[in-house]
Engineer: 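Attaching a single structure in structure tokens format; questions to follow.
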Amino acid sequence: MEEELINTKNTALSFILEAKGERELEEIRLQFLGKSGKLTLTIKGIAKLPIEKRPEIGVLANDVKKQIEDALGRKLEELLSQTTINCDIDQTDPGIPSPIGHLHPTTQVLNETIDIFKTIGFQVADGPEIETDYYNFEALNIPKDHPSRDTQQTLFLDTRNTNITPGEIILRTQTSAMQGRIMEKIKPPLRVIVPGKVYRYEQVDASHGFEFWQLEGFMIDKNVTLTDLFGTLTYFLKQLFGEDTKVRFTCHNFPFVEPGVEAYMSCSVCKGKGCGFCKKTGWVEVLGAGMIHPNVLKTAKIDPKEWQGFAFGTGFSRIIALTYQINDLRTLTNPDVRVLKQF
Ligand code: DAH
């Protein structure tokens with residue numbers, strides 16, 4: 001029995017020394033110390049020995065067990081500290097497939113919108129989100145004391161330790177701010193859309209955000225009329241939401257257009273029947289638009305007698321919400337993949 005114990009110990013220790021990975025080490029543990037392991041069975045056999053032999057063999061057996069356990073522990077630590085890939089990897093195991101992502105719903109609708117406008121000759125422009133009061137307001141026929149500034153919930157940048165006049169640098173509240181910038185640089189005739197983020201000091205709820213997407217568009221050419229505007233917007237909305245979409249226009253005032261209109265489309269959620277999304281009216285307001293005010297053209301040194309234009313601006317986040325029938329705009333800024341996977 002004594003010899004058997006010594007042999008078991010030596011075999012176990014040499015196996016442990018050679019072990020190449022955690023799995024192999026665990027097999028060795030089971031082989032010797034498991035329920036029907038070699039050492040376990042030997043220890044069970046002690047009960048059958050003559051009574052006077054038992055204490056001595058018992059002590060030896062415990063010592064062997066402890067030595068094997070210690071060796072297993074040391075080897076495990078050694079294996080875990082190894083940085084090299086060990087040979088314990090089963091290379092035939094199928095891998096865990098990486099989930100494949102997709103474009104964010106905002107990007108998907110934006111790409112579709114850009115494609116629609118490109119087919120009718122519009123180019124795409126991008127501009128700064130940190131904007132001057134001049135382009136966001138003044139150049140759009142909104143002087144400092146104009147009451148419509150109140151509706152714009154403007155966020156101002158702190159310019160106290162600079163030589164910039166306080167209030168002159170803001171986060172743009174509308175992508176219309178790009179009208180002046182573009183008109184100064186590109187000579188008419190021109191057709192441009194400007195998708196981008198805008199910022200307003202708004203209480204965040206299901207239908208308002210302090211940061212949201214707009215899409216501005218405008219065209220300047222000779223003999224442009226209000227019906228060109230109606231045609232372009234109806235074409236866009238029908239392309240995006242389907243041929244059966246109905247569009248209607250109502251009068252509205254915006255300082256940078258004359259006349260100004262608002263565009264409504266039949267609710268894409270209930271197909272115009274009336275639901276919670278359209279507040280049971282069957283119509284959703286999607287755009288502000290109008291014929292570019294002569295003052296805006298003059299400010300950009302474009303002669304309003306020679307050139308006319310139309311402009312429009314959508315709350316693009318709302319267009320996205322309507323496309324996917326999302327009833328809470330916050331869904332679009334939720335980074336949770338379980339939410340995003342649905343679109
Ligand atoms: N910029 C306006 C807003 O944020 C939307 C708008 C209205 C844009 C009329 C236009 C326009 O170009 O003609 O509320």
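Just so it is clear, the values below take in all heavy atoms, side chains as well, and ignore hydrogens, waters and symmetry mates. Residue indices begin at 1 and follow the sequence shown. Order of listing sets the numbers, starting from 1, for every ligand and every atom in it.
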Engineer: Once you measure the plane-to-plane angle for F32 and F15, does it fall in the parallel (<30°), tilted (30-60°) or perpendicular (>60°) bin?
Structural biologist: perpendicular

Engineer: So, E216 and Q174: side-chain donor and acceptor under 3.5 Å apart, yes or no?
Structural biologist: no

Engineer: At a 4.0 angstrom heavy-atom cut-off, what protein residues surround ligand 1?
Structural biologist: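 Residues Q174, S176, Q179, R200, Q214, E216, F254, F256, V257, G288, A289, G290, A311, F312, G313 each place a heavy atom under 4.0 Å from ligand 1, listed by chain and number.
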
Engineer: Determine the interplanar angle of the F122 and F310 rings, folded into 0 to 90°, and report it as parallel if under 30°, tilted if 30 to 60°, perpendicular if over 60°.
Structural biologist: tilted

Engineer: Looking just at side-chain N and O atoms, do Y324 and Q108 make a donor-acceptor pair shorter than 3.5 Å?
Structural biologist: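 Yes.
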
Engineer: Assess, by modelled atom type and distance only, whether the side chains of E184 and Y135 contain a donor and an acceptor separated by less than 3.5 Å.
Structural biologist: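 Yes, side-chain donor-acceptor contact under 3.5 Å.
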
Engineer: Given a cutoff of under 4.5 Å between side-chain heavy atoms of I, L, V, M, F, W and Y, with clusters grown through shared members, what are the other residues clustered with L140?
Structural biologist: F137, I142, F156, I170, M178, I182, M183, I186, L190, V192, V194, F218, I220, F254, F256, V257, I292, V296, L297, I302, W307

